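As structure tokens, the structure follows; a few thoughts come after it.
Just so it is clear, the structure is predicted and the values come from calculations on it, not from any experiment. Every heavy atom of this structure was used, including side-chain atoms; hydrogens, water molecules and symmetry mates were not.
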Amino acid sequence: MSRRPTPWQEGRSAGTSRGLVTKLIRASVVLTALSMVFGAAASSSLLDDTPPSVAYSIDGTQGTNGWYRGSTSGDYVVVHWTVSDPESPVTSTNGCEPGPPIGPNTGTTRTCTATSAGGTTAITTKVIKVDGDPPSGVAGTPSRGPDANGWYNHSLSVTWSGSDATSGIAGCTSAAYQGPDAAPASLSGSCTDVAGNSSSTSFAFQYDATPPQLSSLSVQSTDGANIVHWKSSSPNDVAAISRVARGSRSERSLFSGTAADFVDKKIQDGVEYRYNVRTFDQAGNASQARTVLAFPKVVSLGKNAYTPRTTAQPILTWPARRGASYYHVQLFRNGKRILAAWPLKTELALRPHWRWAGRRYRLAPAQYAWFVWAGFGPRTAARYKLIGHSTFIVPAH
């Protein structure tokens with residue numbers, strides 16, 4: 001059987017054939033390498049079909065009701081972004097850098113946009129509201145005004161109010177006070193805004209609910225005046241004094257002021273008076289009202305519709321009689337005469353003890369009757385004319 005000759009058998013050299021094979025092999029290796037590079041790139045773009053992942057965090061102090069109260073660095077917050085894509089590089093971003101700081105506001109947002117081979121992602125934050133300032137102008141308002149001279153003498157309540165320019169006031173407190181006595185006393189209250197910021201202040205006032213104590217009330221009856229004495233808890237207490245005459249229904253105000261005694265010169269002889277005394281402190285508290293009776297020191301002849309009670313040593317008086325040289329007075333107790341006197345003036349001051357007609361007498365508690373005559377000429381002439389008679393009572397003390 002005959003065979004076709006190989007190329008080199010047809011006149012080509014063996015060296016030439018082997019060179020061609022070598023070139024073909026080298027070309028194949030280059031093509032294979034290029035195919036791997038471009039193929040890997042094409043494969044990579046075909047495998048990334050998701051955009052970048054974008055997330056954020058807010059560096060700030062949480063308040064209430066969805067508000068922020070700023071941060072440890074100030075009254076602002078900062079948004080921090082995290083952008084990633086594990087499948088292909090992120091080629092561009094917009095708004096994804098931290099900041100700028102977000103200060104006090106009623107609501108704003110921030111947006112981050114990121115792009116990679118897999119597409120574009122845009123994330124917008126929730127509404128960010130920032131208020132780091134506490135309420136301003138916080139003050140307490142009492143439920144009523146002071147009772148007297150800037151003082152309160154019974155319970156009161158205080159309500160606080162304020163304003164907030166950003167988040168607004170959520171609420172304010174109130175408080176009541178019922179003691180103890182203090183000058184000053186105080187109540188504390190506050191206002192809180194919607195973001196949770198609070199501002200507090202105190203309301204100061206003077207409080208005294210304790211009435212003064214009135215003591216040592218007495219009256220001294222003299223010829224022409226009644227002197228009322230008393231003591232109160234404080235020398236600054238104001239005393240109010242009124243009186244009612246026996247047999248009268250009308251009460252007359254006499255005095256109001258700071259003192260420890262009062263001299264009543266507008267009295268009538270032989271009239272009993274009841275003095276009503278009460279003291280008031282600076283807060284308007286009133287002491288318990290107390291009364292004291294003033295018996296007349298001077299008893300006039302026949303001027304009263306009742307038998308007056310007198311002091312322990314009364315003075316008997318009567319009207320002058322024209323032409324009288326002297327007067328004659330006789331005093332009786334239980335129908336028995338116990339004194340006779342011949343004064344030259346129109347009065348006779350009785351003593352607590354005396355001697356008459358050889359016996360000793362004293363002005364003991366009892367009812368007495370007395371008579372007055374006008375004497376004319378010398379006493380030896382015994383010319384008398386009755387002026388009148390009356391009675392009085394020396395009460396037990």
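Sorted by first and then second residue, the side-chain hydrogen bond (donor to acceptor under 3.5 Å, both in side chains) pairs involving residues 186-209 (not counting sequence neighbours) are R69-N197, T192-S198, D193-N197.
Although no hydrogens or angles enter the test, the distance criterion places no donor-acceptor pair under 3.5 Å between the side chain of S143 and the main chain of L156. At least one donor-acceptor pair under 3.5 Å links the side chain of T64 to the backbone N or O of G196. Listed for the T258 side chain is no donor-acceptor partner under 3.5 Å among the backbone atoms of N236. Side-chain N or O atoms of N149 include none that pairs as donor or acceptor with a backbone N or O of W151 at under 3.5 Å. At distances below 3.5 Å, at least one donor-acceptor pair connects side-chain atoms of Y273 with backbone N or O atoms of Q268. Judged by distance alone, the side chain of D269 and the main-chain N or O of V298 form no donor-acceptor pair under 3.5 Å. A donor-acceptor distance shorter than 3.5 angstrom exists from the side chain of T121 to the backbone of P52, with no hydrogens or angles considered. In this structure, S71 contributes its side chain and Y76 its backbone to a donor-acceptor pair below 3.5 Å.
Looking at heavy atoms from C-beta onward, Q220 lies out of side-chain contact with D261 at the 4.5 angstrom threshold. A heavy-atom distance below 4.5 Å is not found between the side chains of S287 and P211. Residues L217 and V228 meet the side-chain proximity criterion, which asks for heavy atoms closer than 4.5 Å. Side-chain contact between P212 and F280 is absent, with no heavy atoms from C-beta onward closer than 4.5 Å. For the pair P395 and F295, the minimum side-chain heavy-atom distance is below 4.5 Å. With a 4.5 Å cut-off on side-chain heavy atoms, T93 and C112 do not count as touching. In this structure the side chain of Q313 never reaches within 4.5 angstrom of the side chain of S221, judged on heavy atoms.
For the atom pair NZ (K231) and CD (Q213), the distance works out to 14.0 Å, reported to the nearest 0.5 Å. In this structure, the separation between SG on C96 and CH2 on W81 is 6.5 Å, given to the nearest 0.5 Å. Between atom CG of residue N153 and atom CG of residue N285 there is a gap of 4.5 Å, rounded to the nearest 0.5 Å. Taken to the nearest 0.5 Å, the CZ atom of F205 stands 5.5 Å off from the OH atom of Y177. Once rounded to the nearest 0.5 Å, the distance linking CG of L331 with CG of L348 reads 8.5 Å. To the nearest 0.5 angstrom, I267 atom CD1 is 4.0 Å from N226 atom CG.
The minimum heavy-atom distance between E272 and P296, with the atom names listed, is CG-CD, 3.9 Å. The nearest pair of heavy atoms linking P135 to C191 is CG-O, 3.5 Å. The shortest heavy-atom contact between Q178 and S155 is CG-CB, 3.5 Å. Taking all atoms of both residues into account, the shortest heavy-atom contact from S116 to P89 is CB-O, 3.2 Å. When every heavy atom of K126 is checked against every heavy atom of Y68, the shortest pair comes out as NZ-OH, 3.5 Å. Contact detail for A283 and D147: the closest heavy-atom pair is O-CB, 4.1 Å.
Side chains of T159 and T141: a donor-acceptor N/O pair is absent below 3.5 angstrom, by distance only. Under 3.5 Å, the side chains of D237 and S232 contain a donor-acceptor pair of N or O atoms. Under the 3.5 Å distance criterion, with hydrogens and angles disregarded, no donor-acceptor pair is assigned to the side chains of T124 and T109.
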Output, in order, the C-alpha distance, side-chain angles, deciding distance and verdict of side-chain contact (heavy atoms from CB on, under 4.5 Å) for S233 and D281. CA-CA 8 Å; S233 303; D281 62 20; over 6 Å; no
Could you check W160 against V158 for side-chain contact (heavy atoms from CB on, under 4.5 Å), going step by step and ending with a plain yes or no? CA-CA 7 Å; W160 276 261; V158 179; 3.6 Å; yes
Quick one: do T317 and S300 satisfy side-chain hydrogen bond (donor to acceptor under 3.5 Å, both in side chains)? Show the steps, please. CA-CA 5 Å; T317 66; S300 296; 3.2 Å; yes
Might you work through the side-chain contact (heavy atoms from CB on, under 4.5 Å) test for K297 and T311, ending with a clear yes or no? CA-CA 6 Å; K297 178 72 173 178; T311 62; 3.5 Å; yes
Where do K129 and D131 land on the side-chain contact (heavy atoms from CB on, under 4.5 Å) test, with the steps shown first? CA-CA 7 Å; K129 301 178 291 183; D131 183 4; over 6 Å; no
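In the hydrophobic clustering of ILVMFWY residues, with side-chain heavy atoms under 4.5 Å counting as a link, L316 and V394 come out together. The same ILVMFWY cluster, assembled from side-chain heavy atoms under 4.5 Å apart, contains both L350 and I387. Under the 4.5 Å side-chain contact rule for hydrophobic residues, V299 and W354 share a cluster. Residues W370 and W373 do not share a hydrophobic cluster, defined by chaining ILVMFWY side chains whose heavy atoms lie under 4.5 Å apart. Cluster membership for V277 and F255, using ILVMFWY side-chain heavy atoms within less than 4.5 angstrom, is shared.
Atom CZ of R351 has 12 or fewer heavy atoms from other residues, nucleotides or ligands within 6.0 Å. Within a 6.0 Å radius of CD in Q367, more than 12 heavy atoms belonging to other residues, nucleotides or ligands are found. By the 6.0 Å contact criterion, CZ on R359 is open, its count of non-hydrogen atoms from other residues, nucleotides or ligands being 12 or less. By the neighbour-count criterion of 12 heavy atoms within 6.0 Å, atom CZ of R360 is sparsely surrounded, having that number or fewer from other residues, nucleotides or ligands. Within a 6.0 Å radius of NE2 in H389, other residues, nucleotides and ligands contribute 12 heavy atoms or fewer.
Using cut-offs of 30° and 60° for the angle between ring planes, the F332 and F371 rings count as perpendicular.
Just one residue in the list E251, R290, R243 forms a side-chain contact (heavy atoms from CB on, under 4.5 Å) with N276, and that residue is E251.
Centroid-to-centroid, the aromatic rings of Y275 and F262 stay 6.0 Å apart or farther.
Judged by the 6.0 Å and 45° rule, R246 forms a cation-pi pair with Y306.
Residues passing the side-chain contact (heavy atoms from CB on, under 4.5 Å) test with D75 are P104, D133, sequence neighbours excluded. For N105, the side-chain contact (heavy atoms from CB on, under 4.5 Å) test picks out I102, T108, V130, with sequence neighbours left out. The side-chain contact (heavy atoms from CB on, under 4.5 Å) search around S325 returns none, not counting sequence neighbours.
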Table please: side-chain donor-acceptor pairs of residues 333-346 below 3.5 Å, with sequence neighbours left out.
unit_1	atom_1	unit_2	atom_2	d
R333	NH1	R362	O	2.9
R333	NH1	Y368	OH	3.0
R337	NH1	Q330	OE1	3.3
W342	NE1	H328	ND1	3.1
W342	NE1	Y384	OH	3.1

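Taking Ile, Leu, Val, Met, Phe, Trp and Tyr as hydrophobic and joining them when side-chain heavy atoms fall under 4.5 Å apart, one finds F376 isolated, its cluster having no other members.
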